[in-house]
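Below you'll find the structure, written out as structure tokens, and then a few comments.
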Amino acid sequence: MPSKQRWDEVGLTENEYRMIIDILGREPNDLELNLYGVMWSEHCGYKHSRAMLKMFPTSGPRILQGPGENAGIVDIGDGLAVCMKVESHNHPSALEPYQGAATGMGGIIRDIFTMGSRPVALLDSLKFGPLDNPRSRYLMDGVVSGIAGYGNCIGIPTVAGEVGFDPCYTGNPLVNAMCVGLIRHDEIQRGAAAGVGNSVMIVGHTTGRDGMGGASFASVEITAESEERRSAVQVGDPFMEKLLLEACLELFKTGCVVGIQDMGAAGIISSTCETAARAGTGIELDVALVPKRETGMTPTEVMISESQERMLVIVEKGREQEVYDIFDKWGLHAVVIGHVTDDGMLRVLDNGVKVGEVPAKSLAEAPVYRPSYEKPAYIDELAAFNPLALPLPDDMNDVLLKLLASPDICSKRWVYRQYDYMVRTDTAVPPGSDAAVVRIKGTHKAIALTIDSNGRYSYLDPYKGGAIAVAEAARNIVCSGALPIAITDCLNFGTPEKPDIYWQFRESILGMAEACRALNTPVISGNVSFYNETDRGAIYPTPTVGMAGVMEDVKHITTQAFKKDGDAIVLLGETKEELGASQFLNIIYGMQKGKVPDINLEKESSVQKAALKAIQEGIISSAHDCSDGGLAIALAESCISGGKGAYVNLKFDIRTDALLFGESQSRILISLKPEYLDKLFVICESFGVPCQVIGTVCGDRLNVDVNGNKVVQLPIEEMKDKWEGTIPAYMNGR
Amino acid sequence: MRFGVIVFPGSNCDSDCYHALRDVMGQDVRYVWHKESDISDVDCIVLPGGFSYGDYLRCGAIARFSPVMQSVQDFAERGKPIIGICNGFQILTEAGLLPGALIRNRGLKFICQPQYIRVEHNRSMFTNMCQDGQVLNVPIAHGEGNYVADEATLERLEANGQVIFRYCDAQGECTNEANPNGSMDNIAGIVNEAGNVLGMMPHPERVCDPILGGTDGRLIFGSIVEWVERRIANAK
């Protein structure tokens, strides 16, 4: 047997090395071993997640393309469809925040236009350590600039997102980027290398040594030595990608493209073996033909380079000139590097000399593992904590202001104002409401988009946390006036070989899957990011849910802002005495424990249906999801964004802090003209949804009485100052 | 009349301008690829926003060498209207068609937000549908919109009435707080001495369709239409 180093150096196990020998009937040479090393990395091979991902519902009448392609596609009627995917770029962003985040955007945008779809919106979910840590500020500043630098330049609006903070993300920030495109059903492209003899072309940018082994790097924990692997981070060129985007969309119109695949992680190797595996064919290519940006690159380096802004295109034999013409117009490379074969092999030549040959399918199908899992001891321990044993705070004004000023809840304007969220002139609802709304020119339709996660809930109860992430995303979509239709997910977890981590992963998926089924939002694409660990431990399990909704008519657009004095304020859903796992406990007491709020998906579905029906009947002035910080925060946000006050009179027999700040699920805060109340009651009754008039939009203060006692009395201006001041104070004050 | 929207590699507000002019304003409009040289069929040239050539080197510094720019130069000399928006403004200053330069925003960050601007006067082909001192809401989205020029140039701009738009607050006051990027004298848009070449950082094409939150951009494009049509009528 060879020395242990051989498989170690490419990040494989001895057993996996033996599997390769079985496949090949011989020992792999260095190039071949490297190909397996990258393709069987967790990042490319989904070794530890593939079995569990099967638990997700992935089909439905609207689903035109489920997981397995570059991105998923869901029908929105009239021959139109939405193409979307979310992906992580956590590890690169931890080392080099600007380029890490920028190339994250570049990669996810390519996934969308590879499908033939015009990208129309970007979203992002970002998690950092606390802002009083200079490293967290450095990372946030770099990541936000990187997203802005790429998205603004390429001209795709960043329309929505979320930013959260927790010590668990200090050394391992999360950067989850989502791209959404529009496409007509007859324009869908697929990533299959079909048709023996067809030409295999590389188009776009040149190939260099940047991003070597990025996929393997993303498949290990972040350690002190990670800094030395900075060269594994790619460098983005949004201008090049803008040209590539326009050239590809123009190319598809010619009909000469048989298959196309983005060169993301693992570059040429992943794109060739995946397209060949999908079509059941083989590919022969010559690395000497690949346009390079530096000299002396070995065949292995060319194969695994992760240089950005490149695409693999399979073109009908004899129609290469059409590709040359279009790419020449845009000033881009387009070169034939090989052809499709019928023997199922990926054959790598260097100047005509064979340097490696392996079955394409074997690269694309990494071994599947079902790691053992075990419920960690902390779960029951932390759930046993009873927050009702804490004393009742005596100044609710003070509590409300503290919550509004907390980094998780406060305004993220500092972030989104750096993103061009208006370019393309389709952003009907910009960042700052429950979901962004992007209208579709030439139709009455619009799509609503949101991205959500809650690491704290998922840490305390991953099953409920996963279900709530889906439910909350759907609630946001409904509040904007759209029907939720599908999700894309980014599963951020620690090291899957650890039984407690795998238990979190498993529970999260089961919870999400149940919610997806209940709310009729299948999973159409996604990404798994494991090994989000540093020497200080794993991040909270953080499943991120990106969701799309469809709105048949833009007249249904609804925002969270209170609109008109005299409107009645109504709370849909049930408020329970639930303070566990809340932002209230987190911010006021520094406690992350207690029972995660219950989620009854049947009730959730009813509340959403009732709210959407009311919106579609045109009787609703504003709608806002009650989530982080509970009813009081939802009221404050509706007041601040509308510049309108409210008088609210609550009569409940639960503790005041739980009433104001508890995070009971399945609740929506709405406002409407008083004369529409009767219509609303009828709708709510038909869906069996509790519905309570709690106040009136009026004045310039938020006044809340609870059982006759004045507990909140705050001017809108004061709340707004607190809510808007936090992030600028941290980020501009340096 | 017909508008021509120039498409440089990296332009990304080209289709927004095209849509606003054709579908919202009901005007005839065509794209002009940056390698074209014959633009005699159009009556107004639009240099749209975006990141021409990636804004590498300097914003607009490479685009000014595009083949079409020679024709744009001639177009300007013949007194025909040219409107450069955002990156288009940057290209016009790089090409020497407008004085001054646009440098990094005061806060060093890209800024995208709704923005009030004040119409300095309506004696321009770009503002004849506005009132003197009227406050428009026209959003900005740029990283390098900080207008600078030497003192003599600034004096000349003021004396000739070449400052067309200034950043202001909702009441029309041009305060320092209302200045998003540090531009000298709150300058948001200027014209050349002849008055037919306008450069402005705010994006009028983003506020033509009411679903996007405003229609003030129509006043600017509408003014151009009004001026060109009157000229065509007079010529007959």
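Chain A is the first sequence line, chain B the second, and so forth, proteins listed ahead of strands; every chain is numbered from 1.
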* Ion pair Asp209(B)/Arg439(A), N-O distance below 4.0 Å ->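 A salt bridge links Asp209(B) with Arg439(A).
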* His203(B), His19(B), His142(B), Arg206(B): which one forms the most heavy-atom pairs within less than 4.5 Å of chain A? -> Arg206(B)
* Asked: Non-hydrogen atoms of chain A under 4.5 Å away: do they reach the side chain of Pro210(B), the backbone, both or neither?
  ->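 When you check distances to chain A, no heavy atom of Pro210(B) falls under 4.5 Å.
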* What part of Asp55(B) gets closer than 4.5 Å to chain A, counting heavy atoms only: side chain, backbone, both or neither? ->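 Looking at Asp55(B), nothing touches chain A.
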Region of [X] that comes under 4.5 Å of a non-hydrogen atom in chain B:
X	value
Val423(A)	both
Ile156(A)	neither
Asp237(A)	both
Thr425(A)	both
Tyr421(A)	both
Lys555(A)	neither

Are [X] and [Y] packed together at the side-chain level, in the sense that at least one heavy-atom pair is separated by less than 4.5 angstrom?
X	Y	answer
Gln418(A)	Ile111(B)	no
Arg417(A)	Lys109(B)	no
Phe51(B)	Lys242(A)	no

* **Parallel, tilted or perpendicular: ring planes of Tyr53(B) versus Phe239(A), cut at 30 and 60 degrees** => tilted
* Asked: In terms of heavy-atom contacts, does NZ of Lys329(A) have more than 12 from other residues, nucleotides or ligands at under 6.0 Å?
  ->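 Result for NZ/Lys329(A): enclosed.
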* Looking at Cys153(A), Ser145(A), Gly331(A), Gly155(A), which makes the most heavy-atom pairs under 4.5 Å with chain B? ->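 Heavy-atom pairs under 4.5 Å are most numerous for Cys153(A).
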* To do: Would you name the heavy atoms of Leu243(A) and Gly10(B) that are closest together and state the gap between them?
  => CD2-N, 4.2 Å
* Asked: Where do Met422(A) and Pro114(B) come nearest, in terms of heavy atoms and distance?
  ->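 Nearest heavy atoms, Met422(A) then Pro114(B): CE-N, 4.0 Å.
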* Asked: Where the side chain of Asn12(B) meets the backbone of Asn152(A), is there a donor-acceptor pair that is under 3.5 Å apart?
  -> yes
* To do: Could you please spell out the steps behind the side chain to side chain contact (heavy atoms under 4.5 Å, CB included) verdict for Gln113(B) and Arg413(A)?
  => CA-CA 10 Å; Gln113(B) 64 182 30; Arg413(A) 182 168 174 265; 3.0 Å; yes
* Looking at SG of Cys13(B) and CG of Asp420(A), how far apart are the two atoms once the value is rounded to the nearest 0.5 Å? ->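 Those atoms lie 6.5 Å apart.
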